[in-house]
Amino acid sequence: MSISAHPSPERTPYQLLGGEAAVRRLAETFYDIMATDPKAAELLAIHPQPMDSIRQRFFEFLSGWLGGPGLFEQKYGHPMLRARHMPFPVTQTLRDQWMYCMEEALNREVKHPPLKKSLLNAFSPLATHMINQ
């Protein structure tokens with residue numbers, strides 16, 4: 001399948017990325033960056049260790065959010081992202097670190113520039129919506 005087309009109901013971002021394996025790589029790369037890049041140190045500090053279960057839940061969330069199987073919803077119900085993040089102090093700085101990790105992950109894992117830009121533009125307001133401090 002060529003990924004020259006933009007996402008549509010017939011060709012979701014999940015499909016354009018390459019399906020389950022590609023979405024899992026994106027989730028893993030995101031957390032690898034968070035775990036190793038000093039620019040994400042504050043973000044890493046608020047995550048319980050080890051992050052194995054968080055990595056899995058993020059993959060499951062991304063699967064459905066990107067138009068693939070609704071794995072997160074099947075296990076946990078509606079994501080209710082803001083409510084799930086309320087116990088954690090999410091500041092502008094943490095939001096920016098999250099976006100830094102996601103942009104780096106997209107740069108490493110998504111080779112299609114329009115898709116990468118589209119995903120970055122979709123993640124940005126989502127991340128901003130999590131700010132609660």
Side-chain angles (χ1 to χ4, degrees):
M1 174 189 318
S2 168
I3 61 171
S4 60
H6 292 284
S8 69
E10 297 79 31
R11 295 172 53 82
T12 65
Y14 181 89
Q15 293 168 318
L16 293 171
L17 282 168
E20 180 180 346
V23 173
R24 187 173 295 281
R25 276 193 312 275
L26 180 61
E28 291 294 330
T29 299
F30 172 85
Y31 278 103
D32 289 347
I33 292 165
M34 183 193 302
T36 60
D37 193 317
K39 293 179 184 172
E42 290 175 66
L43 182 61
L44 177 63
I46 69 165
H47 285 79
Q49 302 296 320
M51 293 191 293
D52 298 342
S53 65
I54 294 170
R55 287 172 181 260
Q56 178 63 23
R57 282 195 308 267
F58 189 50
F59 158 70
E60 292 165 348
F61 166 76
L62 286 178
S63 176
W65 190 76
L66 292 167
L71 304 174
F72 187 95
E73 292 85 354
Q74 291 168 14
K75 283 186 178 179
Y76 309 106
H78 190 282
M80 301 182 304
L81 292 179
R82 186 158 168 82
R84 290 184 194 270
H85 286 81
M86 282 308 253
F88 310 100
V90 181
T91 63
Q92 180 71 41
T93 298
L94 292 174
R95 177 259 182 227
D96 292 347
Q97 288 181 18
W98 192 95
M99 281 303 301
Y100 168 78
C101 293
M102 181 50 69
E103 185 169 5
E104 288 297 308
L106 290 170
N107 286 338
R108 294 179 191 181
E109 299 298 333
V110 181
K111 305 307 179 210
H112 187 258
L115 179 59
K116 184 186 323 182
K117 182 178 180 184
S118 174
L119 291 174
L120 194 58
N121 288 340
F123 278 120
S124 182
L126 187 63
T128 299
H129 185 63
M130 297 304 109
I131 297 173
N132 60 26
Q133 299 277 310

Which residues pass the side chain to side chain contact (heavy atoms under 4.5 Å, CB included) test with [X], sequence neighbours left out?
X      : value
His129 : Arg82
Glu73  : Pro79
Arg25  : Ala21, Ala22, Glu109

**OP:** Could you note down all residue pairs passing salt bridge (Lys or Arg N to Asp or Glu O under 4.0 Å) where residues 86-103 supplies at least one of them, sequence neighbours left out?
**Re:**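 Non-adjacent pairs meeting salt bridge (Lys or Arg N to Asp or Glu O under 4.0 Å): zero.
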**OP:** Write out all pairs satisfying salt bridge (Lys or Arg N to Asp or Glu O under 4.0 Å) with one or both partners inside residues 41-60, taking only residues at least two apart or from two chains.
**Re:**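 Every salt bridge (Lys or Arg N to Asp or Glu O under 4.0 Å) pair that includes a residue of residues 41-60, provided the two are not neighbours, is Glu28-Arg55, Asp32-Arg55, Glu60-Lys75.
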Any chance you could measure [X], atom [atom1], to [Y], atom [atom2], to the nearest 0.5 Å?
X      : Y      : atom1 : atom2 : value
Leu17  : Lys111 : CG    : NZ    : 11.5 Å
Ile46  : Leu94  : CD1   : CG    : 5.0 Å
Met86  : Asn132 : CE    : CG    : 5.0 Å
Leu66  : Phe61  : CG    : CZ    : 8.0 Å
Trp65  : Thr12  : CH2   : OG1   : 12.0 Å
Met130 : Arg84  : CE    : CZ    : 11.5 Å

Subject >> Heavy-atom pair of closest approach, residues Lys116 and Asn107 >> reply: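 Taking Lys116 first and Asn107 second, the nearest heavy atoms are CD-OD1, 3.3 Å.
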Subject >> Least distance between heavy atoms, Pro69 atom then Ser63 atom >> reply: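 Minimum heavy-atom separation between Pro69 and Ser63: O-OG, 2.7 Å.
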Original post:
Does any N or O in the side chain of Tyr14 come within less than 3.5 Å of the main-chain N or O of Gly64, such that one atom is a donor and the other an acceptor?
Top reply: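 No, Tyr14 side chain to Gly64 backbone: no donor-acceptor pair under 3.5 Å.
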Subject >> Thr91 side chain to Gln133 backbone, donor-acceptor under 3.5 Å >> reply: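 No, the answer is negative, given that no donor and acceptor are paired below the 3.5 Å cut-off.
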Original post:
Aromatic ring centroids of Trp98 and Phe123 under 6.0 Å?
Top reply: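 Centroid separation for Trp98 and Phe123: below 6.0 Å.
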**OP:** Test side chain to side chain contact (heavy atoms under 4.5 Å, CB included) on Ser124 and Met99 and set out the steps.
**Re:** CA-CA 7 Å; Ser124 182; Met99 281 303 301; 4.0 Å; yes
**OP:** List, by chain and then residue number, the residues other than Tyr100 in its hydrophobic cluster (Ile/Leu/Val/Met/Phe/Trp/Tyr, side-chain heavy atoms under 4.5 Å); write none if there are no others.
**Re:**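 Once heavy-atom contacts under 4.5 Å are chained together, Tyr100 belongs with Ile33.
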Original post:
Could you walk me through whether Gln49 and Leu44 pass the side chain to side chain contact (heavy atoms under 4.5 Å, CB included) check?
Top reply: CA-CA 9 Å; Gln49 302 296 320; Leu44 177 63; 3.5 Å; yes
Subject >> Contact check, side chains of Glu104 and Thr29, non-hydrogen atoms, under 4.5 Å >> reply: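 Side-chain contact under 4.5 Å: no.
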Original post:
With a 4.5 Å heavy-atom cut-off, do Ile54 and Pro48 have their side chains touching?
Top reply: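 Side chain of Ile54 against side chain of Pro48, heavy atoms only: contact under 4.5 Å found.
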Original post:
Any idea how Phe58 and Phe30 line up, ring-wise: parallel (<30°), tilted (30 to 60°), or perpendicular (>60°)?
Top reply: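 Taking Phe30 first and then Phe58, their aromatic rings sit tilted (interplane angle of 30° to 60°).
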